Protein chains: 2
Amino acid sequence: MSKRTEKTIVDIAEELKLSVSTVSRALNDNPNISARTKDKVKKMARKLGYRPNALAAGLRNNKSKTIGLIVPRISMFFPATISTIIQNKLQEYGYNLIICQSNDSYDQEVALVNTLYSARVDGLVVSTTLYTTDFSHFDVFKDNNIPLIFFDRVPKDYNVKVIKGDDYVGGYTATTHLIERGCKDIVHISGPLTCNLYVERVSGYKHALQENKLPFKKTRVFYQELTRDNAWQACEKIFAQTPYPDGIFASNDTTAITIMEYCRKINVRVPEDLKIVGYSNDPRTEIVTPPVTSVDQYPTMMGERVVAALMELITSQASATAPRYSQEIIPIQLIARESTAGMVKAGGKKK
Amino acid sequence: MSKRTEKTIVDIAEELKLSVSTVSRALNDNPNISARTKDKVKKMARKLGYRPNALAAGLRNNKSKTIGLIVPRISMFFPATISTIIQNKLQEYGYNLIICQSNDSYDQEVALVNTLYSARVDGLVVSTTLYTTDFSHFDVFKDNNIPLIFFDRVPKDYNVKVIKGDDYVGGYTATTHLIERGCKDIVHISGPLTCNLYVERVSGYKHALQENKLPFKKTRVFYQELTRDNAWQACEKIFAQTPYPDGIFASNDTTAITIMEYCRKINVRVPEDLKIVGYSNDPRTEIVTPPVTSVDQYPTMMGERVVAALMELITSQASATAPRYSQEIIPIQLIARESTAGMVKAGGKKK
DNA sequence: TAATGTAATGCAAACGTTTGCAAAAATCAA
DNA sequence: TTGATTTTTGCAAACGTTTGCATTACATTA
């Protein structure tokens, strides 16, 4: 193939009548190489167009200066934002990031974990699939003491470093907000309970109802992948019979926005007849009419904390005594917008 | 560090009293290893928890089974969608993808190109910075005959494989559409002209005007980074004096949506008083009120073509005779929505 | 000038694979 | 059985770095 132009430190060494070790040290600014030699070496490196081979260095050092990231999909606002932060922060530390998407498929996740291990990443950051309940495929990383961090969608009962949102409080806050605005019959559209964060949000929802002496009705909670299609279908069920609910707490913004669309179609007014709260504070919540109340998860903060924690793990890797797991909780904040404005009318509404 | 649990093919070989070469071949399904040995080897590999070291293999083979991708940012709809496609497709071919963001900074782009080269990626896919006009930092890849593909934001006057949208036709179609809907005074908000695709769209805009005997006025074209803030500021200028335009062709959807927001604030009705066309067919165009007409760029098709082209380059790499550059153009399609509905009123409008 | 200490460089092994070539083992025909 | 094939395995070098240890060059002091 190519024109054999790949220069190595050996070429530099020969050119300069130095040994490869000296060249290597010079390029790495090793203190016991004289300034003069360093200079010569670097000049020659530039002149020859030398490019370090990270594979070789990685093999020798047993570290790749590369971090793996697995998220369900990078096209969703929340993971996308976090990926961006992680990527940019990591770059500052001189690390590359291999971003992978599991597409919410357990099998793909397993496969990715293995190839990332093969790539000898120096750390792995994961937000799991909706359906990951067995985490043993991550054992390789634990067993080999390679930094492993989960964020947002984190494992239950698997000892590991975790950075998550305050989902219980999120669910509680969203529901309480609806109640404060006068809602008495609140539907909750949740993700599947295989994913623990939804369990917590449901639990927050439930407690808010209890605290306000409102009944928790099983028929008022939906568990489904939070896609547009599913949201639409849920609406068809919800509005197939009266009484309509007067509030909906949706566990993501896609769902919330879709519900609004449906409401427009069937002439249910938001917020007058129905109040809606979404989750994640996706920027789309601001551009729809009316703007949707949502729960901000501080993705920037979460991303920064992930990188900080990762770097701690990496630097403390030698002292294997440090606890390699802990749970860190990022706060949430409810952003009230028009979709939950005003008080609901006394009598409620009907078809 | 770790507990020295890293098993290698040497361990397998010793355990089985075979040579490492046999083990290596067995694991790679080399045809002249007997089925029996292959079986034994694979079983033992599993038993020992062997994980191939991609770095070592990469060093030896001079290929990393990894592709680099540089995009301005993965949080924007178009590059995000394409990245997703590329990632998923590449996975099928057994390649990893290192996704990097230049954040539209030229210096970062240069740095990324270098580290990706160091990582010895087997190919590089790029959508450049808005401000990249010198492409010499990509020479390393060309010189070493490593597959290099640009998409969407592609270089001008730099011989390389290019897959781009039909931006001239896009600009032309969007403008013609506005004219057909009755607009006579059309503002165009373009990206900076350092990025060639905007040059082409402007040129399409211009020709559409000419063809319809409408004057091209310099004061009616804005060149700016297409952010929300800039869009808002542009609106302040545009609507600071009468007559208002009756149509705006914005070169991205963020801008189009922001304009609509501004119009609502100052009580300009869309589409009655002003018609708006965006670009990229971001899903947000569908959820705003009114939905925004936009130009679909078929990101899925583009992503698939990128991967296809990449694979061609990789497999034909040996035969360095194949032309390593060419231009492929992905069609566009105007998606008409409410923001350009109806005919504009005869007399036009004013403050 | 010799002795001593320090600063700078070199040697060679190692990281875990793959692969061309040579050698051994198995198979077959006579 | 022997020799000729064919199938299967092994040897050893190579990929481009880094690093512990040994060695050389230089500077300093007596």
Side-chain angles (χ1 to χ4, degrees), chain A residues 1-2 4-42 44-45 48-66 115 117-122 144, chain B residues 1-2 4-42 44-45 48-66 115 117-122 144:
Chain A
M1 65 185 63
S2 73
R4 273 313 303 102
T5 64
E6 298 261 15
K7 297 295 179 185
T8 72
I9 56 172
V10 180
D11 297 312
I12 302 180
E14 282 173 356
E15 202 76 29
L16 253 35
K17 307 276 176 234
L18 282 173
S19 74
V20 283
S21 26
T22 304
V23 173
S24 168
R25 279 188 262 253
L27 290 172
N28 290 321
D29 269 326
N30 184 303
N32 44 5
I33 296 291
S34 70
R36 238 169 51 86
T37 346
K38 277 184 191 171
D39 221 58
K40 276 198 307 188
V41 170
K42 286 178 186 171
M44 182 55 72
L48 295 183
Y50 165 75
R51 310 272 170 164
N53 185 323
L55 294 177
L59 175 58
R60 168 63 221 231
N61 294 331
N62 200 28
K63 60 172 69 155
S64 59
K65 280 282 176 181
T66 297
T115 58
Y117 184 85
S118 270
R120 293 300 188 270
V121 292
D122 294 341
N144 288 78
Chain B
M1 65 187 61
S2 74
R4 272 316 301 98
T5 63
E6 298 262 14
K7 297 295 179 187
T8 74
I9 57 172
V10 181
D11 296 314
I12 302 181
E14 282 174 356
E15 202 77 29
L16 253 37
K17 307 274 175 235
L18 282 173
S19 74
V20 283
S21 27
T22 306
V23 173
S24 169
R25 279 188 260 253
L27 290 173
N28 291 322
D29 269 325
N30 185 303
N32 46 6
I33 295 290
S34 68
R36 238 169 49 87
T37 347
K38 276 185 192 172
D39 222 57
K40 273 198 308 186
V41 169
K42 286 179 183 169
M44 182 55 74
L48 295 183
Y50 165 75
R51 311 271 168 162
N53 184 324
L55 294 176
L59 174 59
R60 168 63 222 235
N61 293 333
N62 202 27
K63 61 173 68 155
S64 60
K65 280 285 180 178
T66 298
T115 57
Y117 183 85
S118 269
R120 293 301 189 270
V121 292
D122 294 340
N144 287 79

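As the structure is a computational prediction, the values presented were derived from the model and not from experiment. By convention in this document, chain letters (A, B, ...) are assigned in the order of the sequence lines, proteins followed by strands, and residues within each chain are numbered from 1.
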* Structure fact -> Here the pair of heavy atoms bringing A:G58 nearest to B:L55 is C-CD1, 3.7 Å
* Gap between atoms NZ and C1', on A:K63 and D:dT19 respectively (whole Å) -> 13 Å
* First locate atom OG of B:S24, then atom CD1 of B:I33, and finally report the distance between them rounded to the nearest 0.5 Å. => 9.0 Å
Tabulated below should be each protein N or O lying under 3.5 Å from an N or O of nucleotides 11-15 of chain D; please produce it.
unit_1, atom_1, unit_2, atom_2, d
D:dC11, N4, B:S21, OG, 2.9
D:dA14, N3, B:R60, NH1, 3.4
D:dC15, O2, B:R60, N, 3.4

* Asked: Does anything in residues 10-17 of chain B reach DNA chain D, meaning a heavy atom under 4.0 Å, and if so which residues?
  -> B:K17
* So which heavy atom on B:P52 is nearest to which on A:S118, and how close? -> O-OG, 3.1 Å
* To do: Check for a donor-acceptor pair, side chain of B:D11 on one end and backbone N or O of B:T8 on the other, with a separation under 3.5 Å.
  => yes
* To do: Return the residues of residues 27-38 of chain B meeting this criterion: a heavy atom under 4.0 Å from some atom of DNA chain C. Order them by number, or give none.
  => B:N28
* Which whole-number value in Å describes the distance from A:R120 CZ to C:dT17 C1'? -> 11 Å
* **A:L55 CG to C:dT18 P, straight-line distance once rounded to whole Å** => 13 Å
* Which pairs, with at least one residue in residues 12-32 of chain A and sequence neighbours excluded, count as a salt bridge (Lys or Arg N to Asp or Glu O under 4.0 Å)? -> A:D29-A:K38, A:D29-A:K42
* Could you state the atom-to-atom distance from CG of B:L48 to P of C:dG16 in whole Å? => 14 Å
* To do: Please name the pair of heavy atoms, one in B:S64 and one in B:D122, separated by the smallest distance, quoted to 0.1 Å.
  => N-OD1, 2.9 Å
* Hey, what do you get for CG (B:L16) to CD1 (B:I9), rounding to the nearest 0.5 Å? -> 12.5 Å
* **Terminal helix-axis angle for the helix from C:dT1-D:dA30 to C:dA30-D:dT1, with five pairs defining each axis and rounding to 10 degrees** => 50°
* Whole-Å distance separating the CG atom of A:L18 from the P atom of D:dT18 -> 15 Å
* Spacing of B:T22 atom OG1 and B:K40 atom NZ [to the nearest 0.5 Å] -> 10.0 Å
* How would you list, by chain and number, every residue that makes a side chain to side chain contact (heavy atoms under 4.5 Å, CB included) with B:R51, sequence neighbours excluded? -> A:N114, A:Y117, A:R120, A:V140
